[in-house]
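Below you'll find the structure, written out as structure tokens, and then a few comments.
Basis for what follows: all heavy atoms, side chains included, without hydrogens, waters or symmetry-related copies. Protein chains get the first letters and strands the later ones, always in sequence-line order, with residue 1 at the start of each.
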Amino acid sequence: MRRRRPQRGELNRRHRRRTDEHLALAVPPAPPERSRSPRSITTNVSHLANFEIAKTLAAFADLLEIAGENVHRSRAFRRAAETIRSHPESIAALRAENLLTTLPGVGAGIAVALEELVDTGSFTSLDQLAARYPLSLLDVLQIPGLGAKSVRRVFEELQVSDLDRLETAARTGKLATIRGLGPNVTASVLDSIAAIRRRSMLHRLGTVLPLAESVRESIQRQMPEAMVDLAGSVRRMEPLVTGIDLVIGHHDITRAVSAIRDLPDTARTINVEASSIRMLLQSGVELIALMVAPEHYGTELIHATGSAAHLAQLGDLPLANTEHDVYQRLGLPFIPPEVRSGGEELTRARAGDLDRLLTIDDLRGEFHCHSTWSDGSASIATMADAAAVRGYDFLAISDHSHGLGIAGGLDTTRLADQRREIDAVNQSSRLTVLAAAEVEVDRTGNLDFDDNTLSQLDIVVASLHVGLRQPRDQLTNRLISILENSHVDIVAHPSGRLLNQREGGDFDWDRVFAVAAKTGTALEINANPARLDLDPSLARQALDAGCVLSINCDAHRPEDFALMRYGVAMARKAWARPDQIVNCWPYARTSEWVADHRRR
DNA sequence: ATCCGCACGGATAAGTAGGACAGCCTACT
């Protein structure tokens with residue numbers, strides 16, 4: 001068995017720019033505008049929020065890397081940044097109590113930097129380094145294909161210190177004169193700059209929803225008699241969300257305001273109006289709470305939930321205290337927030353389609369997860385137990401194949417060893433453990449295992465992890481050849497996107513879905529909040545084309561099975577019915593389906 | 001720079017292929 005590896009909390013190690021989106025909020029009063037986050041790394045000295053401190057440490061770590069200094073020092077700062085980013089209490093408060101070194105990864109050196117940072121808004125070694133390498137280089141470092149070495153080189157040789165100058169250097173052809181950067185890189189740099197400029201400052205749903213729920217519960221605990229609900233993009237379960245929107249139905253606005261101010265992880269108040277309050281949390285997520293009269297609660301909640309397009313379709317809303325009543329008076333059944341997109345939900349609601357929407361209870365198992373045999377952190381038995389606790393009937397263990405070396409992928413020998421362990425676990429397990437693999441598709445479209453090996457697996461999941469930036473035709477043909485391989489049952493995270501971090505591949509989805517529908521190969525909705533791939537709009541297209549889908553958490557730890565709710569939300573947004581999701585079927589039907597398309 | 005096992009010095013997450021270039025850098029979970 002491979003040695004256990006430390007888990008990386010976040011896939012992205014570089015700081016990201018954030019932008020904002022206007023929020024469709026309720027009727028009177030007009031909602032406060034969300035402002036842009038400060039562009040500079042450090043801001044207002046005395047009230048630095050944890051996310052700002054974390055961002056500064058991470059920026060320093062990146063500058064160290066660009067400067068070519070000790071990599072371990074850089075990693076130490078990056079590790080400390082991660083700790084602080086997810087730390088629930090205020091770091092500024094910890095500093096006041098001289099407890100900084102109690103944070104894991106914060107020793108004497110980083111503590112000194114932190115003290116200075118909290119007290120003055122910066123620290124000496126950062127200032128010195130930033131004098132040599134401007135902070136705007138960190139934007140350049142975000143460009144895929146440009147690592148620390150290349151960033152330093154373009155800075156020193158071409159004086160490229162920010163994205164604008166990078167763009168100029170690329171357009172004038174100067175960039176291609178740098179060692180290691182040819183015409184290909186130049187072309188993709190221009191695309192990436194455009195993508196980064198388009199990139200939003202939205203947060204991942206998986207980051208915000210748990211926070212939002214804990215805020216909601218905390219306020220509900222303080223005001224048990226109030227109605228408190230999440231609203232906005234979080235309630236609609238958008239893959240990327242603006243922040244936390246909360247509606248509080250209570251007559252005593254003063255109490256509601258103080259309940260919010262007393263929340264444990266707030267960093268600062270942004271503004272307070274007659275019936276709304278806007279706060280910044282330590283995590284950098286904004287909270288907007290709207291205090292409304294209980295008699296109009298339902299109407300206000302629908303308004304605050306949006307979407308704007310859904311509201312436009314509804315027209316004028318009657319005043320009522322529950323959402324159900326509002327919809328009823330409009331002659332509609334209750335419309336779940338996930339499908340309030342301003343698409344076909346009214347038509348579908350009238351046609352009775354809402355009753356057929358998938359729910360989390362429809363899931364009977366999963367086909368894509370990992371164990372310590374590759375890059376998972378738990379044994380097969382532990383993963384199986386966790387799946388059984390969720391009430392699943394089956395779980396396919398799909399560890400990586402050897403092509404993905406970085407994840408400790410299995411060769412055929414270890415795959416056979418693993419099969420024996422799966423068989424053994426099955427003897428005592430409460431659910432059926434299936435032998436599967438997440439088989440790597442290489443750049444030319446070949447799978448890691450031969451047909452004979454594949455045919456012995458209960459489920460074959462195929463994934464593209466490399467070469468996702470190939471041109472459209474090449475990429476599409478590569479995926480289609482995998483769909484046409486009769487041994488492949490499921491294609492995992494088809495687009496390869498990482499939300500807020502990496503665009504998905506440029507596939508011709510019409511062609512892909514047409515082939516998948518014909519071959520009966522399932523496409524995945526990956527429930528990991530970093531992916532949520534297929535996106536609901538693509539999943540919807542796939543279903544319309546006649547494809548079947550599979551929703552999987554891609555769990556690397558037992559806790560990851562809890563991510564299923566995100567996958568289910570995406571499927572609901574795509575109007576998926578249980579009969580279109582292969583892991584909602586009884587396993588007997590699934591194995592028929594597998595046998596069926598393998599017979600082709 | 002931090003942590004750990006020991007009291008100062010060694011380890012820190014891994015391994016490979018591809019692109020552009022001629023030995024280096026980056027991306028991938």
Side-chain angles (χ1 to χ4, degrees), chain A residues 2-14 57 60-61 64-66 68-83 100-114 123 125 141-154 175-189 192 368-377 398-411 438 440-444 446 448 463-470 492-493 496-498 501-502 505 526 528 530-531 533 554-557 560:
Chain A
R2 302 186 63 87
R3 55 191 271 231
R4 188 182 156 161
R5 300 204 177 102
Q7 290 296 299
R8 275 246 312 247
E10 283 276 302
L11 287 167
N12 58 328
R13 65 192 174 88
R14 290 174 189 161
L57 293 195
F60 183 60
L64 285 174
E65 211 180 325
I66 290 170
E69 301 215 8
N70 182 346
V71 289
H72 298 302
R73 189 171 176 226
S74 164
R75 275 185 208 161
F77 273 89
R78 201 166 280 133
R79 220 169 18 241
E82 274 318 305
T83 303
L100 288 173
T101 50
T102 60
L103 293 165
V106 176
I110 293 180
V112 168
L114 276 175
F123 54 94
S125 35
L141 188 60
Q142 286 184 79
I143 302 290
L146 292 188
K149 304 280 172 67
S150 307
V151 169
R152 181 178 175 177
R153 211 170 271 150
V154 296
L175 195 61
T177 65
I178 299 296
R179 196 157 65 92
L181 308 177
N184 291 343
V185 172
T186 297
S188 79
V189 157
S192 303
H368 181 185
C369 78
H370 300 269
S371 73
T372 43
W373 283 83
S374 64
D375 62 349
S377 64
S398 59
D399 276 305
H400 291 283
S401 62
H402 56 87
L404 200 63
I406 194 170
L410 279 63
D411 57 18
E438 181 178 5
E440 188 63 16
V441 179
D442 74 11
R443 284 173 169 82
T444 61
N446 291 317
D448 266 2
S463 290
L464 283 70
H465 290 107
V466 295
L468 283 168
R469 291 164 66 204
Q470 289 172 345
H493 43 71
R497 77 167 176 186
L498 291 175
Q501 189 177 339
R502 179 178 80 200
N526 191 292
N528 187 311
R531 295 190 180 273
D533 179 13
D554 198 352
H556 285 69
R557 316 170 297 169
D560 287 347

For this session: Counting heavy atoms from C-beta on, name the nucleotide in B/dA27, B/dA1, B/dT29 closest to the side chain of A/Phe77.
Result: B/dA1
Exercise. Would you say A/Arg78 reaches B/dA1's phosphate, i.e. side-chain N/O to OP1/OP2 under 4.0 Å?
Worked result: no
Problem set entry | Same-atom distance (C1') from B/dG10 to B/dG15, integer angstrom | 23 Å
Seminar exercise, completed: Between A/Ala80 and A/Val106 the two heavy atoms that sit nearest each other are CB-CG2, 4.1 Å
Exercise. Between atom CG of A/Leu468 and atom NE2 of A/His493, what is the distance when rounded to the nearest 0.5 Å?
Worked result: 9.0 Å
Exercise. What residues, two or more places apart in sequence or in another chain, satisfy side chain to side chain donor-acceptor pair (under 3.5 Å) together with A/Arg79?
Worked result: none
Exercise. Quantified in whole Å, what is the P atom distance between nucleotide B/dA13 and nucleotide B/dT2?
Worked result: 15 Å
Exercise. With rounding to whole Å, what would you report as the distance between B/dC28 and B/dA22 at their C1' atoms?
Worked result: 25 Å
Between the protein and nucleotides 3-6 of chain B, which nitrogen or oxygen pairs are less than 3.5 angstrom apart?
from	atom 1	to	atom 2	distance (Å)
B/dC3	OP1	A/Gly105	N	2.7

Seminar exercise, completed: All heavy atoms of A/Glu438 vs all of A/His465, minimum pair found to be OE2-CE1, 3.2 Å
For this session: Please confirm whether A/His368 and A/His370 have ring centers closer than 6.0 angstrom.
Result: yes
Exercise. For A/His370, which contact category applies under a 4.0 Å heavy-atom criterion: base, sugar-phosphate, or nothing?
Worked result: nothing
Exercise. Within the distance-only criterion (no hydrogens, no angle test), does the side chain of A/Asn446 pair as donor or acceptor with the backbone N or O of A/Asp442 below 3.5 angstrom?
Worked result: no
For this session: Could you give me the stems involving DNA chain B, meaning stretches of three or more consecutive Watson-Crick or G-U wobble pairs whose two defining distances are both below 3.5 Å?
Result: B:1-5 with B:8-12, B:14-19 with B:24-29
Seminar exercise, completed: B/S/- along nucleotides 17-25 of chain B (protein heavy atoms under 4.0 Å) is -SSSSS--S
Exercise. So what does A/Arg502 hit on the nucleic acid, given a heavy-atom distance under 4.0 Å: a base, only sugar-phosphate, or nothing?
Worked result: sugar-phosphate
Exercise. What closest approach, in Å, do A/Gly147 and A/Leu141 show between heavy atoms, and which atom pair accounts for it?
Worked result: C-CD1, 3.6 Å
Problem set entry | A/Asp399: side chain to side chain donor-acceptor pair (under 3.5 Å) partners, not counting sequence neighbours | A/Ser371, A/Ser374, A/Gln418
For this session: May I ask you to say what A/His72 touches in the nucleic acid, namely base, sugar-phosphate or nothing, with a heavy-atom cut-off under 4.0 Å?
Result: base
Problem set entry | Which atom of A/Ser125 lies closest to which atom of A/Phe60, heavy atoms considered | O-CE1, 3.5 Å
For this session: Could you list the residues that satisfy side chain to side chain contact (heavy atoms under 4.5 Å, CB included) with A/Ser74, not counting sequence neighbours?
Result: A/Ala61, A/Leu64, A/Glu65, A/Arg78
For this session: Any chance you could measure A/Thr444, atom OG1, to A/Gln470, atom CD, to the nearest 0.5 Å?
Result: 9.0 Å
